[in-house]
Amino acid sequence: MSEHQHNDLVQRRIEELHHLREAGINPYPVAFGKTHSTGEARNLFSDEQPDAHPVVAVAGRIMAIRRMGKASFFQIQDETGRIQCYLKKDDLPDFYDHFRLFDIGDIVGVEGYVFKTRMGEISVHTTALHLLCKSIQPIPIAKEETDADGNTVIYDAFADKELRYRHRYVDLIVNPHVRKAFVQRSTVISTMRRYFDERGWMEVETPILQPIYGGATARPFVTHHNALNIPLYLRIADELYLKRLIVGGFEGVYEISKNFRNEGMDKTHNPEFTAMEIYVAYKDYLWMMDMAEDLLRTVCFAVHGSHTTTVGGTEISYAEPFRRIRMMDEIAKAAGADVMGMSREDVLALCRSHKIDVAGNAPWSKLVDELFSSLVQPNLIQPTFVIDYPVEMSPLAKAHRTDAGLVERFELYINGAEVANAFSELNDPIDQRQRLEQQAQQRADGDDEAMVVDEDFLFAIETGLPPTAGMGIGIDRLVMTLTDNDSIRDVLFFPQMKPER
RNA sequence: GCUUUCGUAGCUCAGCUGGCUAGAGCAACUGACUCUUAAUCAGUGGGUCGAGGGUUCGAGUCCCUCCGAAAGCACCA
């Protein structure tokens, strides 16, 4: 701690701290009897009764001070916003000089009454001021002005991304739009949870530390359990455990889980991220599509009070029935050829003819995926379900009821990004074993993201999984589209950073 | 992992083809001011220019290595 930044600004504040103590003021008292939020206090004032002078005790962080000799104005900020406070020496003759030792960033409690200044700002006329926490690190001061058109203009906003992510608490104090995005994130999650709970589906918890990882194609983090002396993997997906619970007799389960993937980081990838997975027995992917659509419409409304939102200047509507398109149809339209039944070599040539850079030894499914990602996905701006994927790309999805070679699967795309992935779950144990063995073969052939055979999972499927629909939603990416942020770091409180040195 | 760009005061930023003691605004400090609001006015202090090395008479500026970040690419969700 002593190696902390000890610049002159910090030194100055530590001295002030000592002076306050000498004056008999405890800079770190235990509590404060707050009666109103700043927002509530502001609402107490009415122009019909300007002399009502409702009495309040509000608390918050000092964000601005304007000293004018024997009177001062300061603004305090709490969860609901800011309110100006007015303090004059006549009211607090013994205390007023101590206020000189208060700084921007200190947390105070203010007792007083609500009034409106001559300049028309609703304020608290201070009758007692309590220091609740002396801050010794200065916070960045972004000044705000309301221009003639009523727009808030911010000067010198705290903008350095590295500092904002490393000191997120400062970012949250100083940048209201950052706070707002995280409130919206919380609304997304709480709305989903309520939606599922109301329908009788049960929230569950499954292991994060797993002896065998599965449910997705990804590279895991590995750790070691000392007492058992075995490697354990941090989960990459919930799927296999949640299906075991459906086997066990629960008919609707969901989990909001942190997953971990040991891969590169960029605007859309953080090594730990949040997924929601839900499984409902006796349903299929068509039912799940309807549910997903209703769910997202509900979530959007909870966040925005509207069924539309704007991302990067483009309006996204959750109101209309979402478009549903078949993957193979779209690839055929965009690439000019039906890839079903085409040889790997022909699909490779097709990729090359569209100038898609792919490895020459990539498997058929990978090539088809590339065609889709390059030619179709970027155009899926409005919420769109892409349905019926090739079986090679979906080792856990049930074979399509009518179309050979396909599975009953959909992915939901919004603003060109995949937000949900779902299928009619594969419950044919013979088929499932073959699919996993295929994965194992790919793995043996050098694909280190292919799945591992999980014998206990197969045992569960052999025990009997009812017909079941399952879906995963990438919460971070959904929140990005709902908060108009194009970087995942802006919807994670503490995105992964390299340590400073 | 690769490529490019960036790192100057607590914060936001200037600093030219290398050239006097590295600047500004906000914040801080001293003083004035009892309804201000980007308060105002007068004055003061504050820097290992990310770190280390090199070239040069001279480096914030040019070169190299390292650290950190951002954007793009690759991989993935």
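Note that these values count all heavy atoms, side chains included, but never hydrogens, waters or copies made by symmetry. Proteins get letters first, then strands, A, B, ... in listed order; numbering begins at 1 in each.
Rounded to a whole angstrom, the distance from the C1' atom of B:G43 to that of B:C6 is 37 Å. Between B:A22 and B:G58, the two C1' atoms lie 15 Å apart (nearest whole Å). Between the P atoms of B:G60 and B:C16, the separation comes to 12 Å (whole Å). B:U5 sits 11 Å from B:C62 when the P atoms are compared, rounded to a whole Å. Taking the C1' atoms as reference points, B:A71 lies 41 Å from B:C29, given to the whole Å. Across the C1' atoms, B:U30 and B:G18 are found 40 Å apart, a figure rounded to whole Å.
Here A:Lys116 lies out of heavy-atom contact (under 4.0 Å) with every strand.
Contact annotation: A:Arg66 side-chain N/O to B:A39 OP1/OP2 distance is under 4.0 Å. OP1 and OP2 of B:C35 both lie 4.0 Å or more from every side-chain N or O belonging to A:Ser72. Residue A:Arg13 has no polar side-chain atom (N or O) positioned under 4.0 Å from OP1 or OP2 of B:C29. The shortest distance between the side-chain N/O atoms of A:Lys143 and the OP1/OP2 oxygens of B:A39 is below 4.0 Å. OP1 or OP2 of B:A69 has at least one side-chain nitrogen or oxygen of A:Arg166 nearer than 4.0 Å.
Across all strands shown, the partner of B:U4 is B:A70, judged by Watson-Crick or G-U wobble contacts whose two distances both fall under 3.5 Å. Nucleotide B:A28 has B:U44 as its partner under the Watson-Crick or G-U criteria, with both atom distances under 3.5 Å. With a cut-off of 3.5 Å on both Watson-Crick or G-U wobble distances, the partner of B:A9 is given as none. In this structure, B:G58 makes no Watson-Crick or G-U wobble pair, since no nucleotide meets both defining distances under 3.5 angstrom.
Between the side chain of A:Gln75 and the base of B:U37, no donor-acceptor pair of N or O atoms lies under 3.5 Å.
Geometric assessment of A:Arg409 against the ring of A:Tyr389 yields a positive cation-pi assignment under the 6.0 Å and 45° thresholds.
For the segment residues 408-424 of chain A, residues with any heavy atom less than 4.0 angstrom from an atom of RNA chain B are, sorted by number, A:Glu418.
The residue from A:Ile107, A:Asp106, A:Val108 that alone fulfils the side chain to side chain contact (heavy atoms under 4.5 Å, CB included) condition with A:Cys133 is A:Ile107.
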Just the table, please: protein N/O against nucleotides 70-73 of chain B N/O, every pair under 3.5 Å.
residue : atom : partner  : partner atom : Å
B:A70   : OP1  : A:Arg489 : NE           : 3.3
B:A71   : OP2  : A:Arg489 : NH1          : 2.9
B:G72   : OP1  : A:Lys267 : NZ           : 3.3

Quick test: give all pairs of protein nitrogen or oxygen and nucleotides 46-48 of chain B nitrogen or oxygen below 3.5 Å, distance rounded to 0.1 Å.
none

Check against salt bridge (charged side-chain N to carboxylate O under 4.0 Å, His left out), A:Lys134 and A:Asp103: CA-CA 8 Å; A:Lys134 182 69 187 163; A:Asp103 286 299; 2.8 Å; yes

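A:Ser123 and A:Gln84 are linked by a side-chain donor-acceptor pair at a separation below 3.5 angstrom, with hydrogens and angles left out of the test. Side chains of A:Thr152 and A:Glu145: a donor-acceptor N/O pair is absent below 3.5 angstrom, by distance only.
Ring orientation note: the planes of A:Phe221 and A:Phe260 are nearly perpendicular, at an angle over 60° on the 30°/60° scale.
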